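All values reported here derive from a predicted model rather than from experimental measurement.
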Amino acid sequence: MAVVEQSDRIRSRIEQLMPTARDELAALVAFRSIADPRQSPPEQCTGAANWVADAFRAAGIADVDLVETSDGATAVVGHQPGPEGAPTVLLYSHYDVQPAGDEALWESPPFELTERDGRWYGRGAADCKGNVVMHLLALRTLTAAGEPLPVGVRIVSEGSEEMGTGGLEELVRERPELFAADVVVIADTGNVAVGAPTLTTSLRGIVNVVVSVETLAGELHSGMYGGSAPDALAALVQMLSTLRDHGGNTVVSGLDTAQVWDGAEYPEERFRKDAGVLDGVRLTGSGSVADAVWARPALTILGIDAPPVVGSAAAIQPRASARLNLRVPPGMDPVRAQDALVTHLEKAAPWGAHVTVEREAFGEPFQARTSGPGYAALTAALTAAFGADVVVAGQGGSIPLCNVLAEQFPDAEIVLMGVEEPRALIHAPNESVDPSEIENLAVAEALFLQGLGDRVE
């Protein structure tokens, strides 16, 4: 079948299924599937897992199971073998969501899918329940007329991704047969803009530490002792100030901070809008936005333990601490980066202040391989579905699963895409998805699966 004819046929089927897709997303968003029993009843996650399992069975994946992971969550895993000699594709998503936060900041109920200005609003509408529905659309399209899938398909929908507790990563190591594939599609990223097909090829890793400073045996009256008594909070502030230069660049001694991004650009004006930067406030860092958020290390102060303003006394603080987050680009060893950060902090301590640094767990950066047939086939499918050239982007966040899959299946191609473009406001109030992103990506995924199958014939 000609590519154009095949694309038109798939597009027509998906257009007919879009009302069903909206209903399914509404049903899935209604589950408060936060993988933390302190914030949502566990029954909500159980209900979402069962819904996802039933939906994939109905979409043509006959063998679907619920598997409990080591962190107490439930992963939905499934497999539908393909024709003899056909490759196998693993389709990833997750059904758990971030907490809604302050619901007063939402313009509509967070767990009720609501349409406004052409977008569908609700917690998880984009991250990542919209991607679950996108996978379902693509699979249903290929099996709509009772046809078999053109390739082998494995599915996994994670139940605790947002908590970062590592249950699925451990399951991959314990039961790799559930995940074995030639191509892995991680549907948990997004396009650089609505309608701009994008493949994410790099993810920054993560390094966290907690630094604590002590200078005195106890609090002292600031009037009686201020001037000579070493203030632990002032020492901490001085130490933290050394981690960025006057331009806002991260400067950790011993780390390269001048990397350059060679893929799609991230225009400054669009970034300012996406990030909600206030008028008159300059962006931090030299180089381009893409350099800063995708290619270079970035240090963020996550929290400081110090007296709150309200109720604070006229006292010199004997101790203070801060939790720091260092994002690590591909090509940089996170262990070395953590070592460098610890050494930097210890050397930056003024006045002989006592410093201790607690090392937290770290995540490896990830760099996708872009030279294989799967990547080429997906690029062609995205181009046909969107009618635009594919661009390559990075992501500042981390997806540890990618590294675990790469370790277990070194010959597999891992590609990242999804419906989570910047206007989706994932993790924030008023999260939403543009339905055209679900539709176009479903068309692309169906074309991709069909194209891989056609190569076998």
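Within the 4.5 Å cutoff, the side chain of Val209 has no heavy atoms near those of the Glu360 side chain. In this structure, the side chains of Pro297 and Val328 stay at 4.5 Å or more apart for every pair of heavy atoms. For the pair Tyr121 and Val433, the minimum side-chain heavy-atom distance is 4.5 Å or more. Residues Arg9 and Gln450 meet the side-chain proximity criterion, which asks for heavy atoms closer than 4.5 Å. You'll find the side chain of Val185 reaches within 4.5 Å of the side chain of Val89, heavy atoms only. Contact of the Leu243 side chain with the Leu341 side chain is registered, since non-hydrogen atoms from C-beta on lie closer than 4.5 Å. Counting heavy atoms from C-beta outward, Arg359 and Asp339 have side chains that approach closer than 4.5 Å. Considering only heavy atoms from C-beta on, Ile34 comes within 4.5 Å of Val97 through its side chain.
Using a 3.5 Å distance cut-off with no hydrogens or angles, the side chains of Glu420 and Asn131 do pair a donor with an acceptor. Using a 3.5 Å distance cut-off with no hydrogens or angles, the side chains of Arg423 and Ser432 do not pair a donor with an acceptor. No side-chain N or O of Gln395 forms a donor-acceptor pair with one of Thr200 less than 3.5 Å apart. No hydrogens or angles considered: nothing links the side chains of Ser33 and Asp96 as a donor-acceptor pair under 3.5 Å. Inspection of the His344 and Ser253 side chains reveals an N or O donor paired with an N or O acceptor under 3.5 Å. With 3.5 Å as the limit, one finds a donor-acceptor pair spanning the side chains of Asp305 and Ser321. Side-chain contact of Asp71 with Ser160: a donor-acceptor pair under 3.5 Å is present, judged by distance alone. Between the side chains of Asp23 and Thr20, no donor-acceptor pair of N or O atoms lies under 3.5 Å. For the residue pair Arg123 and Asn430, no side-chain donor N or O sits within less than 3.5 Å of a side-chain acceptor on the partner. A donor-acceptor pair shorter than 3.5 Å can be found between the side chains of Glu158 and Tyr92.
At distances below 3.5 Å, not a single donor-acceptor pair connects side-chain atoms of Asp291 with backbone N or O atoms of Ala295. Remark: side-chain polar atoms of Asp245 are paired, donor with acceptor, to backbone N or O of Gly248 under 3.5 angstrom. Under the 3.5 Å distance criterion, the side-chain polar atoms of Arg244 are matched with a main-chain donor or acceptor of Leu299. With hydrogens and angles disregarded, a donor-acceptor distance shorter than 3.5 Å links the side chain of Glu413 to the backbone of Tyr375. No donor-acceptor pair closer than 3.5 Å links the side chain of Arg369 to the backbone N or O of Val415. Looking at Gln39, its side chain never comes within 3.5 Å of a backbone N or O of Gln98 through a donor-acceptor pair. Using modelled atom types, no side-chain atom of Arg323 and backbone atom of Asn208 make a donor-acceptor pair closer than 3.5 Å. In this structure a side-chain-to-backbone donor-acceptor pair under 3.5 Å is present from Arg204 to Val293. Within the 3.5 Å criterion, the main-chain N or O of Ala100 finds no donor-acceptor partner in the side chain of Glu103. Judged by distance alone, with hydrogens and angles left aside, the side-chain atoms of Lys129 form no donor-acceptor pair with the main-chain N or O of Gly124 at under 3.5 Å.
The heavy-atom pair separating Met134 from Ala187 by the smallest distance is CE-CB, 4.0 Å. Here the closest non-hydrogen pair linking Ser40 and Arg32 is OG-O, 2.5 Å. Annotation for Leu168 and Ala75: closest pair CD1-CB, 4.0 Å, computed over non-hydrogen atoms. Across every non-hydrogen atom of Ala264 and Val391, the tightest pair is CB-CB, 3.8 Å. Contact detail for Ala196 and Phe386: the closest heavy-atom pair is N-CD2, 4.5 Å. Summarising the geometry of Glu431 relative to Asp127, their closest heavy-atom pair is OE2-N, 2.8 Å, with the distance given to 0.1 Å.
With rounding to the nearest 0.5 Å, the separation of CE in Met18 from CG in Leu137 is 6.0 Å. To the nearest 0.5 Å, atoms CG (Leu17) and CZ (Arg22) are separated by 15.5 Å. To the nearest 0.5 angstrom, Ile186 atom CD1 is 6.5 Å from Ile399 atom CD1. Taking CD from Glu421 and OG1 from Thr198, the interatomic distance works out to 10.0 Å, rounded to the nearest 0.5 Å. Remark: Leu240 CG to Leu324 CG distance equals 6.0 Å, nearest 0.5 Å. To the nearest 0.5 Å, atom NE2 of residue His79 and atom CG of residue Asp65 are 12.0 Å apart.
Counted within 6.0 Å of CG on Asp389, heavy atoms from surrounding residues, nucleotides or ligands total 12 or fewer; the atom is thus considered open. For CZ of Arg57, the number of neighbouring non-hydrogen atoms (other residues, nucleotides, ligands) closer than 6.0 Å is greater than 12.
Ring centroid separation for the pair Tyr266 and Trp294 comes in under the 6.0 Å cut-off.
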- Task: Just do the side-chain contact (heavy atoms from CB on, under 4.5 Å) check on Cys402 and Leu416 with the steps written out, would you?
- Result: CA-CA 9 Å; Cys402 291; Leu416 298 98; 3.8 Å; yes

- Would you check, one step at a time, whether the test side-chain contact (heavy atoms from CB on, under 4.5 Å) holds for Leu449 with Leu149? CA-CA 8 Å; Leu449 296 173; Leu149 288 169; 5.5 Å; no

- Query: So Arg296 and Asn249, side-chain contact (heavy atoms from CB on, under 4.5 Å) or not? Walk me through it.
  - Reply: CA-CA 9 Å; Arg296 296 178 178 176; Asn249 295 288; 4.2 Å; yes

- Report the C-alpha separation of Glu68 and Thr74 in whole Å, then their side-chain angles, then the decisive distance to 0.1 Å, and conclude whether the side chain to side chain donor-acceptor pair (under 3.5 Å) test is met. CA-CA 4 Å; Glu68 184 174 348; Thr74 300; over 6 Å; no

- side-chain contact (heavy atoms from CB on, under 4.5 Å) assessment of Trp120 paired with Thr114: CA-CA 6 Å; Trp120 297 344; Thr114 305; over 6 Å; no

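The pair Arg119-Glu437 does not meet the salt-bridge criterion, since no charged nitrogen lies less than 4.0 angstrom from a carboxylate oxygen. Using a cutoff of 4.0 Å between basic side-chain nitrogens and carboxylate oxygens, Arg116 and Glu107 are scored as salt-bridged. Between Glu147 and Arg140 no salt bridge is recorded (no basic side-chain N to carboxylate O distance below 4.0 Å). Salt-bridge check for Asp8 with Arg13: failed, with every basic side-chain N at 4.0 Å or more from each acidic carboxylate O.
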